[in-house]
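Single-structure report; data block below.
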Amino acid sequence: MMLWSGVLFVGFLLGTGIRRLKLSKELTRSGRVPGVGLVHAPISLLPLPFPESCWKQACEVAPIFNELIDRVSLDGKFLQDSLSRTKQVDAFTSRLLDIHATMLDSNKIEDIRLGLHRSDYMLDEQTNLLLQIELNTISSSFPGLSCLVSELHRSLLHQFKQHLVLDPGRIPQNDAVGRFAEAMAKAWIEYNNPTAVVMVVVQTEERNMYDQHWLCTVLKERYHVRSIRKTLAEIDAQGNLLPDGTLIVDGESVAVVYFRAGYAPTDYPSESEWKARLLMEKSSAVKCPSISYHLAGTKKIQQELAKPNILERFLENKEDIAKVRKCFAGLWSLDDSNIIKDAIERPGSYVMKPQREGGGNNIYGDDLKLALERMEKVGNEENAAYILMQRIFPAISPAILMREGVSFNDNVVSELGVYAAYVRNKDKVIVNEHCGYLMRTKVSSSNEGGVAAGFAVLDSVYLV
Ligand code: ADP
Ligand code: MG
C-alpha cells in the first residue's frame, strides 16, 4: 500500500471519481466551489481495517436497540420525567416535550411505527470495547452515500488488486439505502392508501440532498412510492388535516413523514415551523420519527438508560440486556458531584454533551473544565442541559482522505455507524433488522465527527 505515492492515488481516484460522479451522484451540494453547484462527498481513499468480531457485535445488537427504542417511546412518563430538569433550561427540548405532552393528553396512539436508526460506535483502543457514541432516531444520514463508498472501495480493491493485496470480499455488503427504502415502503403499505406519498421534511439550505434523493429514487423505482420534499415552513403554509386525521400537504395525502430536518433549533426559526411539527404529529401519517421516538433518541435518555436497573424496565431477555449494556460507555448527569470533581481534574477523559444533534455541539478539554467550574460557581439549573460521557479513544492509523477533489494524508480515527430499520403495526413487528453501515473517519486531532458538519469523511469497513 505504501508503495503508492499520494500523487498516484489522487490521479486514479479523480478518474474513477469523475466516472462515478456521473453514475452515482456521489455528491453533495457545495456552497463553496465557484461556478459549480456540486462537490463530491469527502471520502477516504481506502477502507479502514476493523475487527470482524466488533462488526458482528454491532450488527447483532441493532435489532435489540430497535426494540428498546420502541418500548421507551411507549413510556411517556419515563420520557417526560427523565427530561423534566432539562426542560427547565433547554428551550428546544422543552418545545419537543410540549408536543409530546399534547399527544399524551389526547391519548394519541401511533399504531404504525417506523424507525430508521443509526447506532454509532467507537472501538476503544485500550479496553478493546466497542462503545456506543449515540443512537440516532432522527435524520440518520448517509444511507445513500455510504453504500456508494463501500462499492467504490470494493471496485478500487479489485482494480488495484496486485498492488494493494487486499481482498475486496472483506468489505461487507452495504445495502443501507435498499433496506431503508424497503422499510419505508412497508410502512407505506401498512398505512394503506395507494395514492399517498412519502414526504421528506428538508432544511431550506440542504447540502447533503443527494443522499436523500438516492433513497427516494430507490423507493420510486423498486416500490413505486412517490415522494415530495417540503420544508417545515412549507408544511405549515400548505398543510392541513382532514377530519379522519389524514395529512394533506400541497394537495397530496401523506402516508409517511421522513424527517431529514427538524432536529436542530435552527430548523425552527419561527412559530410556523413548530406549528408544522405539531400538525404532522397530530396526523395519522407514519412519522419517522414520531415525537416519542425523537425524544427516546436524545442524549439525556441515553444517559438515563445507562443507569442501573433501567434497561430491565424495557427489556425482558437477560442476554439482550447484557449485550446492550456492554455497548454503554460511562454516562453521567451533571448532578453527580464525584464525577464533576473528576471531570474538572481530568477534563481530557470526558465529553460534555448538550441535547443537540448534527455535530459541533460537544464540549471538550479546557472548555469542559471551564464550563463545569462556571456552572458550579453559579449553582443554577443550567447543568441539566448537559450530560457527561466517558471519552473514548480509538486507535490512530494513517489514511488518505479526499475533500473537494484534493487528497491529503493524515492520522485518523473512525466511528462505525450501523443502520437499523424497524416497522411495526400494533403487535405485529414487520421489520426489525440491521441494514448496512456507515464508517466515518476523521483526523485524529479533531474532536467532532460529522461529515456534513465538515469534520469527517465517508469511509467503509475492511474486516480483519
Ligand atoms: P451529534 O448528535 O452532534 O452527532 P455525537 O454524540 O455523535 O453528537 O458527537 C459528535 C462527535 O463527537 C462524534 O461523532 C464523535 O466523533 C465525537 N464524540 C462524541 N462522543 C464521544 C466520546 N464519548 N468519546 C470520543 N469522541 C466522542
Ligand atoms: Mg453523532
Side-chain angles (χ1 to χ4, degrees), residues 42 44 48 58 65 86 90 92-93 96 116-127 129-143 146 208 259-267 289 294-303 305-306 327-333 339 342-343 346-365 367-368 385-396 401 410-420 437-459:
S44 155
L48 196 104
F65 270 114
T86 310
D90 182 334
F92 177 66
T93 308
L96 296 176
L116 297 175
H117 301 150
R118 200 190 66 226
S119 182
D120 293 334
Y121 303 89
M122 280 179 170
L123 178 56
D124 188 60
E125 186 179 24
Q126 209 176 9
T127 57
L129 289 173
L130 186 76
L131 297 176
Q132 187 181 52
I133 295 286
E134 64 161 346
L135 193 146
N136 300 282
T137 58
I138 183 163
S139 196
S140 304
S141 59
F142 294 114
S146 68
N208 189 24
F259 285 86
R260 290 297 293 260
Y263 53 82
T266 46
D267 292 338
H294 185 172
L295 291 171
T298 55
K299 293 172 174 78
K300 181 65 192 169
I301 296 299
Q302 179 188 11
Q303 176 253 307
L305 290 172
C327 303
F328 286 165
L331 286 153
W332 304 272
S333 67
I339 290 298
D342 192 56
R346 304 184 306 123
S349 302
Y350 294 86
V351 182
M352 191 165 137
K353 300 188 180 187
Q355 308 309 307
R356 292 289 176 272
E357 304 293 329
N361 301 301
N362 298 341
I363 304 173
Y364 300 86
D367 294 339
L368 187 158
Y386 299 92
I387 62 156
L388 268 178
M389 186 171 182
Q390 162 199 349
R391 182 148 187 186
I392 303 160
F393 292 97
I396 298 173
L401 313 178
D410 217 320
N411 289 324
V412 299
V413 294
S414 283
E415 181 172 348
L416 172 71
V418 169
Y419 294 103
Y437 63 94
L438 166 73
M439 196 68 157
R440 283 175 303 170
T441 291
K442 63 174 182 179
V443 297
S444 56
S445 54
S446 163
N447 286 327
E448 288 288 338
V451 174
F455 302 106
V457 305
L458 302 175
D459 202 344

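These values consider heavy atoms only, across backbone and side chains, with no hydrogens, waters or symmetry-generated copies. Predicted model, so just to flag it, every value in this text is computed and none were measured. All ligand and atom numbering here is 1-based and tracks the order in the structure.
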Point to revise | In the protein, N/O/S atoms that are found under 2.8 Å from the Mg ion (ligand 2), waters not counted | key: E134 OE2
Exercise for review: Applying ring pair (Phe, Tyr, Trp, His ring centres under 6.0 Å), name anything that partners Y121, two or more places apart in sequence or on another chain.
Suggested key: none
Point to revise | For Y263 against H294, the heavy-atom pair lying closest together | key: CA-CE1, 4.2 Å
Exercise for review: Output the set of protein residues with a heavy-atom contact under 4.0 Å to ligand 1, ordered first by chain identifier and then by residue number.
Suggested key: M122, I133, E134, K299, V351, K353, R356, E357, G358, G359, N362, Y364, M389, Q390, R391, I392, E415, K442, N447, E448, G449
Review point. Between Q303 and K300, do the side chains contain an N or O donor and an N or O acceptor separated by less than 3.5 Å?
Key: yes
Exercise for review: Would you name the heavy atoms of S140 and R118 that are closest together and state the gap between them?
Suggested key: OG-N, 3.3 Å
Check your understanding: Where do P347 and G365 come nearest, in terms of heavy atoms and distance?
Key -> CB-O, 3.2 Å
Study note, to complete from the structure: Smallest heavy-atom separation, S44 atom then L401 atom, equals CB-CD2, 4.1 Å
**Study point:** Residues that H117 engages under ring pair (Phe, Tyr, Trp, His ring centres under 6.0 Å), provided they are two or more places apart
**Key:** Y293
Revision key, fill the gap. Smallest heavy-atom separation, E415 atom then D120 atom, equals OE2-CB, 3.3 Å
Study note, to complete from the structure: In short, N361 meets P354 closest at the heavy-atom pair O-CD, 3.4 Å
